[in-house]
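What follows is a single structure, written as structure tokens, with notes after it.
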Protein chains: 2
Amino acid sequence: MKSMSTDYLESGRTRQKQRTRDQLIAAARELITAGDTPRVEEVAEAAGISRPTAYRYFASQAELLAAAYPETAATSVLPDPPPEALDERVAAVAGFVIGRVQENESQQRAMLRLSLGEVPHELPLRQGRVVPWFIEALAPMADSIGDESVHRLALALRAACGIETRVWLTDVAGLEPAEVNALQQWMVDALVKQALETPPQ
Amino acid sequence: MKSMSTDYLESGRTRQKQRTRDQLIAAARELITAGDTPRVEEVAEAAGISRPTAYRYFASQAELLAAAYPETAATSVLPDPPPEALDERVAAVAGFVIGRVQENESQQRAMLRLSLGEVPHELPLRQGRVVPWFIEALAPMADSIGDESVHRLALALRAACGIETRVWLTDVAGLEPAEVNALQQWMVDALVKQALETPPQ
DNA sequence: CTCATTACGAGACACAAGTCTCAGGAACGA
DNA sequence: TCGTTCCTGAGACTTGTGTCTCGTAATGAG
């Protein structure tokens, strides 16, 4: 089953459906923040909804959990007032992101694993807010290297401090959490500094 | 079931067991290079061995596939003669690694997914040869920044050009394969250049 | 308030991973 | 060659994901 078409929710008994969907997401969110990777059955039961109905709203466990993933409402994570120095601005964003990844590591791992399912998804993965945060932090250098390069750099920064990099540094390289944080932070700093001299692409 | 203890293979009818294990690995390798992520049953059948026996040798599909993963025999991937310039040396290794990841992307994704199984593994993940390759390429700078920093840098480089980073740049950032290669190569270059000024840790 | 629409629940099914038991047969020592 | 060890195969079982059918009941329009 593919993802439910958007206009399905907007036809028929829309309020009932919205309610059901919200209950599922709320239940999933609660279980996720409680620390596990809930099965669809557990989410459905916690929401007082049957399993088949849960699958009527979300094509897979991955989609349900993705929809339930706690969002940060903030549109900016720069301190107030924002620093002027580029590396400080970026370091602030990176520090926030790295910390968040570390806090929610088990959920992030679950999301990554589910997103790698053998059957290619119909894009359940949403681009988060991290890239915009980095682009905001990099704004002062947009004039000198151009928007395109700023975008590339932001992608590289997100890659450097995301869960994917963390997983490797932890599981395979065997670094301690604090060491992982430090190395990711160093990578971010190095990428920014180098971008000033030779921007990507 | 945990991983079979190593000395199990070395006790009793060792040759029979070694043969069985080799047949399983050979069959898995064939199926993997044919392009899919075979089920344990498929590997066992292809090897003319029963499924329970396959599980006697490998605790999980992940372990079996990991054991079957094609190895590069080379202990060095530097061109002959090796360049003197540090960035060229590293670029050579990175280019090789990035190319290999791109070639075997589906298998690498399968390995990554299986390595993220909910139940923490008893270390089925082996540190590959990529880090040693990078350390070799970085040898000229060991005197100036120290072995420890070289090691850290090599870990960062491997993280930057591995499958984990590629997955994100492809699936979420939506870059084309060639763009992914270019950005990973840029990241590697930037990290090396910056390490000359402020080494990690 | 009535009734057709339509979301929901119960329960069964398919399939894959992983586990367990037990009996047969191959390997190896004597 | 004989006999015991112990590896292997057959097949059932458990758990989890995702699908399907069909009857029921809530919803909201008239």
Side-chain angles (χ1 to χ4, degrees), chain A residues 1-5 7-24 27-28 31 36-66 110-111 113-122 124, chain B residues 1-5 7-24 27-28 31 36-66 110-111 113-122 124:
Chain A
M1 190 196 285
K2 303 202 168 175
S3 189
M4 219 155 208
S5 58
D7 46 53
Y8 170 84
L9 278 177
E10 297 165 356
S11 74
R13 303 176 185 174
T14 58
R15 283 181 302 182
Q16 179 181 11
K17 283 185 279 192
Q18 193 59 52
R19 215 166 25 205
T20 305
R21 191 168 192 276
D22 290 347
Q23 285 168 357
L24 281 170
L31 291 172
D36 37 332
T37 305
R39 285 171 291 145
V40 174
E41 177 149 26
E42 292 174 324
V43 176
E45 191 172 355
I49 287 172
S50 74
R51 201 167 64 97
T53 296
Y55 276 105
R56 286 191 179 98
Y57 286 85
F58 301 96
S60 65
Q61 184 191 20
E63 273 200 27
L64 173 52
L65 267 45
M111 290 303 309
R113 172 166 44 84
L114 294 172
S115 77
L116 288 167
E118 34 252 284
V119 183
H121 297 258
E122 304 289 321
Chain B
M1 189 199 284
K2 305 202 168 174
S3 187
M4 223 154 205
S5 57
D7 46 54
Y8 170 84
L9 277 177
E10 296 166 355
S11 74
R13 303 175 186 173
T14 58
R15 282 181 302 180
Q16 180 180 10
K17 284 186 277 192
Q18 193 59 52
R19 214 165 25 202
T20 305
R21 190 170 192 276
D22 289 347
Q23 285 168 356
L24 281 170
L31 292 172
D36 39 333
T37 306
R39 286 170 291 147
V40 174
E41 176 149 26
E42 292 173 325
V43 175
E45 191 172 354
I49 287 172
S50 73
R51 203 165 62 96
T53 296
Y55 276 106
R56 287 191 179 98
Y57 286 85
F58 300 96
S60 65
Q61 185 192 21
E63 273 200 27
L64 173 52
L65 267 45
M111 289 303 309
R113 170 165 44 84
L114 294 172
S115 78
L116 289 166
E118 34 251 286
V119 182
H121 297 257
E122 304 288 322

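Keep in mind that what you see is a predicted model, and the values were worked out from it rather than measured. So that the names make sense, note that chain A is the first sequence line, chain B the second, and so on, each numbered from 1.
- The B/V40 side chain lies nearest to C/dG18 when the options are C/dA7, C/dA16, C/dG18.
- Taking atom CD on B/E63 and atom P on C/dT19, their separation rounds to 11 Å, with Å as the unit.
- In this structure, CD of B/E41 is placed 13 Å from P of D/dG9, rounded to the nearest angstrom.
- Distance from the side chain of B/Y55 is smallest to C/dG18 among D/dG16, C/dG18, D/dC7.
- Here the P atom of nucleotide D/dG16 and the CD atom of A/E45 are 12 Å apart, to the nearest Å.
- Looking at B/Q61, its side chain does come within 3.5 Å of a backbone N or O of B/P38 through a donor-acceptor pair.
- The CG-P distance, from B/L65 to C/dG18, rounds to 11 Å in whole Å.
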Exercise for the section: Produce a footprint string for nucleotides 22-30 of chain C: one letter per nucleotide, 5' end first; B if the base is under 4.0 Å from any protein heavy atom, S if only the sugar-phosphate is, - if neither. Expected result: ----BBS--
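- For A/E42, the salt bridge (charged side-chain N to carboxylate O under 4.0 Å, His left out) partners two or more places apart in sequence, or in a different chain, are A/R39.
- Under 4.0 angstrom from either OP1 or OP2 of D/dT8 there lies at least one side-chain N or O belonging to B/T20.
- Taking CZ of B/R113 as the start and CE of B/M111 as the end, the distance is 10.0 Å to the nearest 0.5 Å.
- Considering CD1 of A/I49 and CG of A/L24, their distance stands at 4.0 Å, rounded to 0.5 Å.
- Counting to the nearest Å, the P atom of C/dC8 and the CD atom of A/Q18 are 11 Å from each other.
- Contact of A/R51 with C/dG9 (side chain to base): no donor-acceptor pair of N or O atoms is detected under 3.5 Å.
- A/Q61 places its CD atom 16 Å from the P atom of C/dA17, with the value rounded to the nearest Å.
- Under 4.0 angstrom from either OP1 or OP2 of C/dC8 there lies at least one side-chain N or O belonging to A/Y57.
- Here CG of B/L64 is found 9.0 Å from CZ of B/R21. Values are rounded to the nearest 0.5 Å.
- A/Q23 CD: more than 12 foreign heavy atoms inside a 6.0 Å radius.
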Practice task
Could you please spell out the steps behind the side-chain contact (heavy atoms from CB on, under 4.5 Å) verdict for A/E63 and A/Y57?
Solution key: CA-CA 9 Å; A/E63 273 200 27; A/Y57 286 85; over 6 Å; no
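- Put simply, CD on B/Q23 is 16 Å from P on D/dC7, counting in whole angstrom units.
- Looking at which nucleotide of DNA chain C each of B/P38 and A/P52 is closest to, the 5′-most match is held by A/P52.
- Here the nucleotide nearest the side chain of A/R39, chosen from C/dA17, C/dG9, D/dG16, is D/dG16.
- Remark: A/S50 is in phosphate contact with C/dG9, judged by side-chain N or O atoms under 4.0 Å from OP1 or OP2.
- Remark: P of D/dC7 and NZ of B/K17 are 4 Å apart, rounded to the nearest angstrom.
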